[in-house]
There are 2 protein chains.
Amino acid sequence: MKEVRGQLAGIPLFSGLSGEQYDALARIGVRRSSRKGERIFSEGDEGTGFYVVVTGRVKISKVSAEGKEQILHFFGPGESFGEVSVFTGQGFPADAVAAAQTALLFFPRTSFTALIRNDPALALNMLAQLSQRLRQFAGLIEDLSLKEVPERLAKYLLYLSGRDGDARAAELDVSKGQLASLLGTIPETLSRILTKMNRRGLIRSRGAQITILDRPGLDAIAFEGKKLP
Amino acid sequence: MKEVRGQLAGIPLFSGLSGEQYDALARIGVRRSSRKGERIFSEGDEGTGFYVVVTGRVKISKVSAEGKEQILHFFGPGESFGEVSVFTGQGFPADAVAAAQTALLFFPRTSFTALIRNDPALALNMLAQLSQRLRQFAGLIEDLSLKEVPERLAKYLLYLSGRDGDARAAELDVSKGQLASLLGTIPETLSRILTKMNRRGLIRSRGAQITILDRPGLDAIAFEGKKLP
DNA sequence: AAAGCGCTTTGACATAGGTCAAAGAGATGT
DNA sequence: ACATCTCTTTGACCTATGTCAAAGCGCTTT
């Protein structure tokens, strides 16, 4: 259990909690690990608990009626998923698959709700976190409905380069086909747009390695909706 | 305050609470009312509390960079909005405007968090409710990104006829222009699709009164993605 | 009734992006 | 090095939907 406790630090969901609260969480948290490609849960499965990513990456996706995969999100270290089903009591609304060798913490529903029932601070943390998530989702809706593909791509590249710290590099952590799905489009369209951006001198794309050459140019596309002729 | 207390019943956010909890809520809730078209808050305003609709209807919308209005949602009696900003501490992410003469309950942020801090049951209710909302949002994302306009319209018509209890009628509670925005499209496109559905015998549309003539047909469009030639 | 106003419908047109098909380009195992 | 396999790129084409413009329709006001 000690090992579990050590992993609780750096999880936003549990930030600002007391040592006792950490102990309690460590008592109910269970370590799990998944190989790349392994399924963690499927859409419709009963939500018996939620997960926190310790290392690795988890892909959340749905399969449309026509059988096409729409990727909703990737979760990395420190991020949690599946909490919603813990509280709604409904099944998971999407599939979760390990996108790499992944270490997880699993918190069973019943023990966790018991914990929270006696601990308003924990509940408040949870509320803040879920609210934050809701806010991000709203942003995603906006992006998907109001913006065009080049804007979404520009935003994503800027997001990547920001996240990695390196101001110019954007190492794709997924295949281009997966990226296309994440952006709500198809590989062909993504490829064409990348080619255009290359020609326009905005980026230099070699394989999964994309270098940002003209950040203001990308900014203009991402935030002002500038066209990409 | 008695009046406030009486209005707490039937609010899902507060369902299953004890009499004492109702009393506490009634003590901090403030009645407000807005005339049609009146602005309740604007995007970016500080989230000083959240609202519950008692009667009437509230429109939540954003204005895009190009100045176009995108309607995100309508909230009716019993529904709450603005909770997220209470917990994230950020400003409101969208505009709220009364779509009709509306009576509201306002719960100030500080008093409400104080309340919840001492009451895990209330916090859990809140968690369940927010989770539910998050789930709905996920569905909305799916709709906007995976589906085409006829599917979205079919879904909305079915939703309306279900909500009103009447299995065949779907009285639009908004103008067709507003409906277009809610569906993420423009009036012209909506009009053309309604015309097609009329010709196909799926519905009969006269003004804001839409009668569903072929429910299985609409179902096929809404859930199987059947085309509308 | 006439005039004015907002909403809705219709038409002609432009375009982003999806589909289908095929060629290239890396990987990986033999 | 070869064969394969998968991912990516490119081209030709099609469709849904947005834009622009004009006409129609239903209200209210005069």
Side-chain angles (χ1 to χ4, degrees), chain A residues 36-37 59 64-71 99 143-154 156 171-200 203-210 221-222 225-229, chain B residues 36-37 59 64-71 99 143-154 156 171-200 203-210 221-222 225-229:
Chain A
K36 178 171 178 171
K59 177 179 75 176
S64 72
E66 304 91 51
K68 282 192 304 183
E69 178 190 46
Q70 159 76 6
I71 298 176
D143 286 353
L144 285 177
S145 58
L146 266 48
K147 312 289 175 74
E148 311 181 325
V149 178
E151 305 188 44
R152 288 179 244 158
L153 174 58
Y156 189 73
E171 173 76 25
L172 298 186
D173 43 7
V174 295
S175 80
K176 289 184 180 172
Q178 301 252 298
L179 175 58
S181 171
L182 188 61
L183 296 176
T185 183
I186 56 173
E188 291 96 321
T189 297
L190 175 63
S191 176
R192 289 184 232 272
I193 294 173
L194 281 172
T195 304
K196 269 193 189 174
M197 287 185 170
N198 265 297
R199 267 206 288 274
R200 283 246 135 193
I203 59 173
R204 197 189 40 185
S205 154
R206 274 191 323 201
Q209 193 77 38
I210 293 177
I221 293 173
K226 211 190 110 194
K227 298 288 176 176
L228 180 71
Chain B
K36 178 173 180 172
K59 176 179 76 177
S64 74
E66 304 92 50
K68 282 192 303 184
E69 178 190 47
Q70 158 76 3
I71 299 175
D143 286 352
L144 284 176
S145 57
L146 266 48
K147 313 290 175 71
E148 311 182 324
V149 179
E151 305 187 44
R152 288 180 242 159
L153 173 59
Y156 189 73
E171 172 77 25
L172 297 186
D173 43 8
V174 295
S175 79
K176 288 184 180 172
Q178 301 252 299
L179 175 58
S181 171
L182 188 61
L183 296 176
T185 185
I186 56 172
E188 291 96 320
T189 298
L190 175 63
S191 175
R192 288 185 233 272
I193 294 173
L194 281 171
T195 304
K196 268 193 189 174
M197 287 185 169
N198 264 298
R199 266 206 289 273
R200 282 245 135 192
I203 61 172
R204 196 188 40 182
S205 154
R206 273 189 324 198
Q209 194 76 37
I210 294 177
I221 293 173
K226 211 190 109 194
K227 299 285 177 177
L228 179 72

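Throughout, a chain's letter reflects where its sequence line sits, starting with A, and its residues are numbered from 1. Note that the coordinates shown come from a computational prediction; the quantities given were computed from them, not determined experimentally.
- Considering OG1 of A:Thr195 and CD1 of A:Ile203, their distance stands at 8.5 Å, rounded to 0.5 Å.
- Here the range on DNA chain D touched by chain A, meaning any atom under 4.0 Å from one of its heavy atoms, is D:dT8 to D:dA12.
- For the atom pair CG (B:Leu153) and NZ (B:Lys196), the distance works out to 12.0 Å, reported to the nearest 0.5 Å.
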Atom pairs, protein N/O to nucleotides 11-13 of chain C N/O, distance under 3.5 Å:
unit_1, atom_1, unit_2, atom_2, d
C:dG11, N7, B:Arg192, NH1, 3.0
C:dG11, O6, B:Arg192, NH2, 3.2
C:dA12, N6, B:Arg192, NH2, 3.4

**Prompt:** Could you walk me through whether A:Glu148 and A:Glu151 pass the side-chain contact (heavy atoms from CB on, under 4.5 Å) check?
**Reply:** CA-CA 6 Å; A:Glu148 311 181 325; A:Glu151 305 188 44; 4.0 Å; yes

Extract from the structure each pairing of a protein N or O with an N or O of nucleotides 15-17 of chain C at less than 3.5 Å, listing the distance.
unit_1, atom_1, unit_2, atom_2, d
C:dG17, OP1, A:Val149, N, 3.0

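- B:Ile193 has its side chain out of reach of B:Thr185: every pair of non-hydrogen atoms, C-beta onward, lies at least 4.5 Å apart.
- Taking OG of A:Ser205 as the start and CE of A:Met197 as the end, the distance is 11.0 Å to the nearest 0.5 Å.
- Remark: A:Ser181 engages A:Gln70, A:Ile71 in a side-chain contact (heavy atoms from CB on, under 4.5 Å) (not counting sequence neighbours).
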**Request:** Would you please test A:Ile221 and A:Leu228 for side-chain contact (heavy atoms from CB on, under 4.5 Å) and show each step?
**Result:** CA-CA 7 Å; A:Ile221 293 173; A:Leu228 180 71; 3.8 Å; yes

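- Test A:Ile210, A:Thr189, A:Leu179 against A:Leu194 for side chain to side chain contact (heavy atoms under 4.5 Å, CB included) and you get one pass: A:Ile210.
- The separation between A:Leu183 atom CG and C:dG18 atom C1' is 15 Å, rounded to whole Å.
- Put simply, NZ on A:Lys176 is 18 Å from P on C:dG24, counting in whole angstrom units.
- For the helix from C:dA1-D:dT30 to C:dT30-D:dA1, the axis fitted to the five pairs at one end and the axis fitted to the five pairs at the other end meet at an angle of 30° (nearest 10 degrees).
- With a 4.5 Å cut-off on side-chain heavy atoms, A:Asn198 and A:Arg204 count as touching.
- Annotation: A:Lys226, atom NZ; neighbour count of heavy atoms from other residues, nucleotides and ligands within 6.0 Å does not exceed 12.
- Side-chain contact check for B:Leu183 versus B:Leu190: some heavy-atom pair is nearer than 4.5 Å.
- Shown here are the side chain to side chain donor-acceptor pair (under 3.5 Å) partners of A:Glu188, two or more places apart in sequence or in another chain: there are none.
- Without hydrogens or angle criteria, A:Lys59 side chain to A:Gly37 main chain gives no donor-acceptor distance under 3.5 Å.
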